[in-house]
Amino acid sequence: MKTFQSDISGKDFPVSEKVSGKTIRHSVLKQIQKDHPGFSHSSFMALDELNYYREKYMSEFLSKEIGELSELDNRVLSSMKNNETITDKLDGEEERAATLGARVADKVASFGGSWKFIIMFGLFILVWIIANVVLLVNRGFDPYPFILLNLILSCIASIQAPVIMMSQNRQEEKDRERAKKDYMINLKAELEIRNMREEIDHFIMGQQQELIELQEVQIEMMNDILKHVEKKADK
C-alpha cells in the first residue's frame with residue numbers, strides 16, 4: 001500500500017487520505033498555521049488531521065460568537081465527534097431526572113383536570129345529596145347543609161391545589177429542558193451544515209485540482225507528440 005508522510009505529524013498515512021494544502025479552506029488553513037507555521041499550500045496532511053483542525057476551528061468559532069463554551073456546547077461537539085444523536089440521549093436523561101413524586105404529581109394533575117374526574121365527582125356529590133335528602137329524609141349521616149361533604153371537598157381542594165402547582169412547576173422544568181434540547185439540536189444542525197459545506201468545498205477543490213493535473217498531463221503528452229512529429233519531419 002502506497003503511503004505518504006504528513007507535514008503535520010511526520011507520520012505515514014495511506015495515499016487515499018492525502019490532503020493538499022491547496023484544497024483546504026482559508027479559515028481552517030489559518031487554524032493549522034497557528035500550530036504549524038511552516039504548513040503552506042504546497043504541504044500535505046492526512047484527512048483525520050484535517051478533521052481535527054476543523055473541529056478546533058468550530059470550537060474557537062463558538063467561543064468567539066457565544067463566549068466561553070457552555071456545557072451544552074461541549075455536549076454538542078462531543079456528540080459530533082462521536083457520531084451520536086442528541087435527542088435520544090436527552091430523552092433518556094429527562095426520564096431519569098423525573099422523581100417518583102414528580103411522576104405522581106403529573107398523573108394526579110392530568111386526572112384532576114379531565115372531564116372524567118369532573119363527571120365522576122359530580123355524580124358522587126349528586127348521589128351523596130340524594131342519599132341524605134331523599135332516601136334518608138334529611139336525617140342521615142350528613143343532613144342538610146352537608147357539613148361532612150363540605151369538609152371532604154375542602155380536604156380534596158387543599159390537597160389537590162399544591163399537587164397541581166407541583167405539576168405546573170414540573171411542566172416549567174420540562175419547557176426549559178425542551179428549550180435546551182432545541183438549542184442543542186439547532187446548534188448541532190448549524191455545525192453539521194458548516195462541516196458539510198467544508199466537505200463539499202474540499203471535494204470541489206480536490207476535483208478542480210485533479211482536472212488541472214489531468215490537463216497538465218494532457219499538455220505534456222501533446223508536447224511529447226509534437227516533439228516526436230517534429231523529429232520525424234526533420235528526418
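Note: hydrogens, waters and symmetry copies are ignored here, and every other heavy atom, side chains too, is used. Note that the structure is predicted; figures quoted are calculated from it, not measured.
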*Who pairs with D35 by salt bridge (Lys or Arg N to Asp or Glu O under 4.0 Å), at least two apart in sequence or on another chain?*
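For D35 the salt bridge (Lys or Arg N to Asp or Glu O under 4.0 Å) partners, ignoring immediate neighbours, are K56.
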*Which of these, Q31, K30, M45, sits in a side-chain contact (heavy atoms from CB on, under 4.5 Å) with I24?*
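Among the candidates, only M45 passes.
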Can you find a pair of side-chain heavy atoms, one from [X] and one from [Y], that are under 4.5 Å apart?
| X | Y | result |
| --- | --- | --- |
| L153 | I125 | yes |
| D12 | F4 | no |
| N132 | Y144 | no |

In Å, rounded to the nearest 0.5 Å, how long is the span from [atom1] of [X] to [atom2] of [Y]?
| X | Y | atom1 | atom2 | value |
| --- | --- | --- | --- | --- |
| F44 | F13 | CZ | CZ | 14.5 Å |
| L50 | L29 | CG | CG | 10.0 Å |
| I129 | F146 | CD1 | CZ | 5.0 Å |
| I159 | S154 | CD1 | OG | 11.0 Å |
| I147 | I152 | CD1 | CD1 | 12.5 Å |
| I32 | S43 | CD1 | OG | 9.5 Å |

*Among E17, K11, K18, E49, which residue meets the side-chain hydrogen bond (donor to acceptor under 3.5 Å, both in side chains) test with S6?*
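Filter result, single survivor: E49.
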*Could you tell me how the ring of F117 sits relative to the ring of F121: parallel (under 30°), tilted (30 to 60°) or perpendicular (over 60°)?*
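Answer is parallel, since the angle falls under 30°.
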*Could you tell me how the ring of H36 sits relative to the ring of Y53: parallel (under 30°), tilted (30 to 60°) or perpendicular (over 60°)?*
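Judged by the thresholds at 30° and 60°, the geometry between H36 and Y53 is perpendicular.
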According to a 4.5 Å side-chain heavy-atom criterion applied to Ile, Leu, Val, Met, Phe, Trp and Tyr, with indirect links allowed, do [X] and [Y] form part of one hydrophobic cluster?
| X | Y | answer |
| --- | --- | --- |
| I156 | M166 | no |
| F124 | M120 | yes |
| Y52 | L47 | yes |

*asked:* Which Ile, Leu, Val, Met, Phe, Trp or Tyr residues join L123 in one cluster when any pair of side-chain heavy atoms under 4.5 Å counts as a link?
replied: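 Listed partners: I119.
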